Engineer: 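Submitted below is the structure of interest, expressed as structure tokens.
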Amino acid sequence: MNQISIIGKISEKPKLTIVKTPLSEKAMVVFKVLDPGLPYQTTTPNEYEVHFMKDAANHIFKYMTLEKEIVVFGYMKRDKQKRDVYINAEYIQFTGKPVKEVLNV
């Protein structure tokens, strides 16, 4: 598995959906995060779609606003039908600080 951690900003309005599993229904937040690539990348930032399907998804949705600074920890996944790459988030942390402060740049 490809483990990844990204520090960035929410770049697209998050969407809350309900996903049916064999045992129950779970809330899932889908959003995009803009990774500036600091301190190593100096060209165009990367944007990733993030899927967060944990018990906390429903609770944190109201705090997820555009330009909110966050840290995402999870795994890179590939949607075989769409051939898109996305991040399956294990957990999300709101930083409350500018990205440059978090990275000490």
Side-chain angles (χ1 to χ4, degrees):
M1 293 221 179
N2 297 322
Q3 191 170 6
I4 188 168
S5 60
I6 293 178
I7 300 171
K9 293 181 180 182
I10 297 174
S11 62
E12 185 178 286
K13 186 176 177 181
K15 298 173 191 105
L16 182 65
T17 59
I18 301 298
V19 177
K20 293 183 181 185
T21 65
L23 301 175
S24 65
E25 293 181 345
K26 289 195 171 201
M28 179 171 76
V29 177
V30 178
F31 62 97
K32 289 193 178 176
V33 64
L34 189 65
D35 174 19
L38 296 173
Y40 306 108
Q41 180 178 330
T42 57
T43 59
T44 309
N46 294 315
E47 188 173 55
Y48 299 97
E49 185 171 296
V50 179
H51 297 186
F52 182 66
M53 189 170 68
K54 302 286 182 191
D55 292 335
N58 197 30
H59 302 291
I60 67 167
F61 178 71
K62 62 183 172 184
Y63 301 107
M64 300 183 78
T65 57
L66 286 176
E67 299 294 313
K68 183 85 154 188
E69 306 235 345
I70 61 171
V71 180
V72 176
F73 299 92
Y75 298 92
M76 295 295 288
K77 299 281 187 171
R78 182 174 297 277
D79 185 332
K80 293 177 183 174
Q81 293 174 345
K82 296 180 185 176
R83 296 185 181 170
D84 291 337
V85 174
Y86 64 93
I87 298 171
N88 183 16
E90 285 295 312
Y91 64 95
I92 295 170
Q93 180 179 4
F94 297 111
T95 66
K97 298 178 182 178
V99 172
K100 288 184 179 183
E101 270 186 49
V102 174
L103 294 173
N104 296 320
V105 175

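Sequential numbering from 1 along the given sequence is applied to the chain's residues. Note that the structure is a prediction, hence the values are computed from the model and not measured.
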Engineer: To the nearest 0.5 Å, tell me how far Ile10 CD1 sits from Leu34 CG.
Structural biologist: 11.5 Å
Engineer: If you measure from CD on Gln3 to CD on Glu90, what distance do you get to the nearest 0.5 Å?
Structural biologist: 8.5 Å
Engineer: To the nearest 0.5 angstrom, please state how far the NZ atom of Lys9 sits from the CD atom of Glu67.
Structural biologist: 5.0 Å
Engineer: Would you check if Val71 and Thr95 make a side-chain contact, meaning some heavy-atom pair closer than 4.5 Å?
Structural biologist: yes
Engineer: Are the side chains of Ile60 and Phe52 in contact, using a 4.5 Å heavy-atom criterion?
Structural biologist: yes
Engineer: What closest approach, in Å, do His51 and Val30 show between heavy atoms, and which atom pair accounts for it?
Structural biologist: CD2-CG1, 3.8 Å
Engineer: I want to check something: taking the side chain as every heavy atom from C-beta on, are Met64 and Phe94 in contact at a cut-off of under 4.5 Å?
Structural biologist: yes
Engineer: Go through Asp35 and Tyr48 one step at a time and tell me if the side chain to side chain contact (heavy atoms under 4.5 Å, CB included) criterion holds.
Structural biologist: CA-CA 8 Å; Asp35 174 19; Tyr48 299 97; 4.1 Å; yes
Engineer: Considering all heavy atoms of both residues, which atom of Ala89 and which atom of Val72 are nearest to each other, and what is their separation?
Structural biologist: CB-CG1, 3.9 Å
Engineer: Is it true that, when you exclude Phe73 itself, more than 12 heavy atoms of the residues, nucleotides or ligands shown sit nearer than 6.0 Å to its CZ?
Structural biologist: yes
Engineer: Is the shortest side-chain heavy-atom distance between Ile87 and Glu49 below 4.5 Å?
Structural biologist: no
Engineer: If I take atom NZ from residue Lys32 and atom OG from residue Ser11, how far apart are they, to the nearest 0.5 angstrom?
Structural biologist: 7.0 Å
Engineer: Are Lys15 and Phe31 in a cation-pi contact, defined as NZ or CZ under 6.0 Å from the six-membered ring centre and within 45° of the axis?
Structural biologist: no
